[in-house]
Amino acid sequence: MADETLSLKKAFSGHGGFGVDETTMAAMVTKWRKQPDQKSRFRSDFSGFFTKIGSIEKCEDDYLLRLKTEFSRFKNIMVLWLMHPWERDARWMHHVMHKSYPFTVIVEIACTRTSEELLGAKRAYQALFNHSVEEDVAYHIKESYSKLLVGLVSSFRYEGPQVDNDMAKWEAKALGNVIKSAGSGKLIQNEEVIRILTTRSKRHLKATFKHYKELHGKPIEEDLGANLCLQETVKCIDKPAKYFSEAINIAFKEGADKPSKLSLTRVIISRADVDMEEIKETYHKQFGVKLEDMITKNTHGHYKDTLLTLIGK
Amino acid sequence: MATLSIPNPVPSAIEDAEKLRKAFQGWGTDEKAMIAVLSHRDAAQRKQIKIAYEEQYKEKLLKRIESEISGHFERAVYRWIFDPVERQAIMANIAIKNNVVDFPVIIEIACVNSSNELLAVKQVYQSLYKHSMEEDVASHTTGDFRKLLFALVGTYRYDGEEINTELAKTEAKILNDAITKGEYNSDEIIRILSTRSKAQLHATFNCYKDAHNLSITKALSTKSPNDFVIALRAAIRCRTTPTKYFEKVLRNILQKSGMDEDTLTRVIVMHAEKDLKEIKELFQTRANMTLEQAVAKKTSGDYENFLLALIGN
């Protein structure tokens, strides 16, 4: 009986984790059919979910809200799985405008998609919202990192093989100079930093970051200060697998907030057909545990099954 | 509408290639024959002629033309032969690589084209020059010019008809605030001008005019405008009233002293197969003479004949 209660609690995300265990729930309905006492005992044993006002039993409102999120994780991942990638990216970017997602999602999409994919996302955005994503970012986001963000989302980078190595070296030096002279708060609005990061091809930037490390003895990320937007930009362009692996890890952390948890679905859905193998390897190397195992341990039900299938066990 | 006139029936590309070959042979060049063919063929036909010529005579048509003719005539014919998309990519590159960036060219290309037309130009630009147009514009400009040109070139604008009248009022006010303070390079002016759709921009400028009894370009007129304000006004005109803009450019060249063949060539060549008819008609009402008369007065020789053939009678 105690086991049954525990597994039902877990099925309702009572012990945290992502999603709900639909199969266990349905089985419990069968088991406890016509047994209101069982249900009553379950309710009194589950204080996070159920409470009492005087003698009247009621559900906790915030638990109901959380439950809504957990139940819809499977629905969301299924809809997202079927959706065209451009529509997905457009909708995720739109969420940022209305503050329900952090701006880093825009950095992620603008920097990890190919030029064609980003263009497609921009077209989908226009079709869905009758605005260009550039105009919405420029209008709705008025922070120190706005200029960088608008630049990133506008980018239509050259994707060919040609790289001007001398220019890459020169720009590595230029970045070093700017970093030295600009205050760390000013760095994000520096026009050379923005120009280089938002217009150069990814191959060119990788070469530039390599030269930077050779010139200054450390990777550029270490010199960017606490500047989240800059850090994420460099990471997404230079080491996307590392970026994604870290985003997944943050989602699994104790006390992760709602947007961080949503990253789990977003990353796995958007990368399943792209670089999931590389992300899995990176994750294992970085955190010493297999991604499959983390997912198995921390997620439930159909949501869990879908994630495991997508990452390709 | 185009002013380009094509004979009906039109000779085959092989016949045209032969006629051109004959025009090149012997001493000197039969420029009249060249003009007779090239100035009366559309982009697709010119492309076929290039291919036919190269197949037949084992040399590139453009190279041969460059060696046969020279000066303003040669530059005009060279620019004319390409299709509109490649032509604009080439002219953008020339403008960018100039000692001082020839900003009117960049502004015209970025502002007059629809989003998809501009995208096509950018794609050809990438395949020709192994850089994105944005990265070249950004790396060859600084300060306010970079802000303005990069934003105009880089944004993939919404081209739909939807407008938001409340927003138009708000943004007309924002523009007014910046203009009365003399902050012509304000981020808000650049944001509105470069990210809003044509329809939205029209609505905003109309609100501005209603509120202040002055068109926005007049409001930006000062006795001795610096290059940046000139660029700003050009961008506004190109985005909202391109026909008037080009008419004025032509009138300035043809009715004032001095002569600017490069700009004259650019306007005629870039619009002959597009909307030179409307520009011509407006010119006639404004200048009290036909465009043909004005061009004939200020140009001569083969250059004049070529332009007149494109302008059509």
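We name chains A, B, ... by the order of the sequence lines, and we start the count at 1 in each one.
Residue B:E134 touches chain A through both its backbone and its side chain, counting heavy-atom pairs closer than 4.5 Å. Neither the backbone nor the side chain of B:S127 comes within less than 4.5 Å of any heavy atom of chain A. Looking at A:R157, only its backbone comes within 4.5 Å of chain B, counting heavy atoms on both sides. If you measure heavy-atom distances from B:T142 to chain A, the contacts under 4.5 Å come from both the backbone and the side chain. Interface remark: B:D159 contributes backbone atoms only to the contact with chain A (heavy atom separation under 4.5 Å). For a residue to count as touching a neighbouring chain, one of its non-hydrogen atoms must lie under 4.5 Å from one of that chain's; by this rule B:E188 touches chain A with the side chain only.
No more than 12 heavy atoms of other residues, nucleotides or ligands sit less than 6.0 Å from atom NZ of B:K244.
Looking at A:W86 and A:K122, their side chains never come closer than 4.5 Å, going by heavy atoms from C-beta outward.
With 3.5 Å as the limit, one finds no donor-acceptor pair spanning the side chains of A:Q126 and B:Y156. Side-chain contact, B:N116 with A:R123: a donor N or O sits under 3.5 Å from an acceptor N or O. Defined by atom type and a distance below 3.5 Å, a donor-acceptor pair is missing between the side-chain atoms of B:E135 and A:H204. Looking only at atom types and distance, the side chain of B:D136 has a donor-acceptor partner in the side chain of B:Y125 under 3.5 Å away. Neither side chain, A:N177 nor A:E192, offers a donor N or O lying under 3.5 Å from an acceptor on the other. In this structure, a donor-acceptor pair under 3.5 Å is absent between the side chains of B:Y78 and B:E66.
Without hydrogens or angle criteria, B:R87 side chain to B:F82 main chain gives a donor-acceptor distance under 3.5 Å. The main-chain N or O of B:L152 is found under 3.5 Å from a side-chain atom of B:R157 such that the two form a donor-acceptor pair.
With chain A as partner, the option from B:S115, B:G143, B:S194, B:A151 having the largest number of non-hydrogen pairs under 4.5 angstrom is B:G143. Contact tally against chain A (heavy-atom pairs below 4.5 Å) for B:E161, B:K122, B:M133, B:R146: the top residue is B:R146. Your options are B:I192, B:T155, B:N164, and the one with the most heavy-atom pairs under 4.5 Å with chain A is B:T155.
Each of A:N130, A:D136, A:D89 was checked for a side chain to side chain donor-acceptor pair (under 3.5 Å) with A:Y125, and the lone residue meeting it is A:D136. A side chain to side chain donor-acceptor pair (under 3.5 Å) with B:K147 is found for one member of B:T141, B:N185, B:D187 and no other, namely B:D187.
Residues of residues 166-178 of chain B that come closer than 4.5 Å to chain A, counting heavy atoms only, are B:L167, B:E171, ordered by residue number. Contacts with chain B (heavy atom to heavy atom, under 4.5 Å) involve no residue of residues 214-234 of chain A.
Ring centroids of A:Y145 and A:F103 are separated by less than 6.0 Å, placing the two rings close together.
Judged by a 6.0 Å distance limit and a 45° cone about the ring axis, B:R196 is positioned over the six-membered ring of A:Y139.
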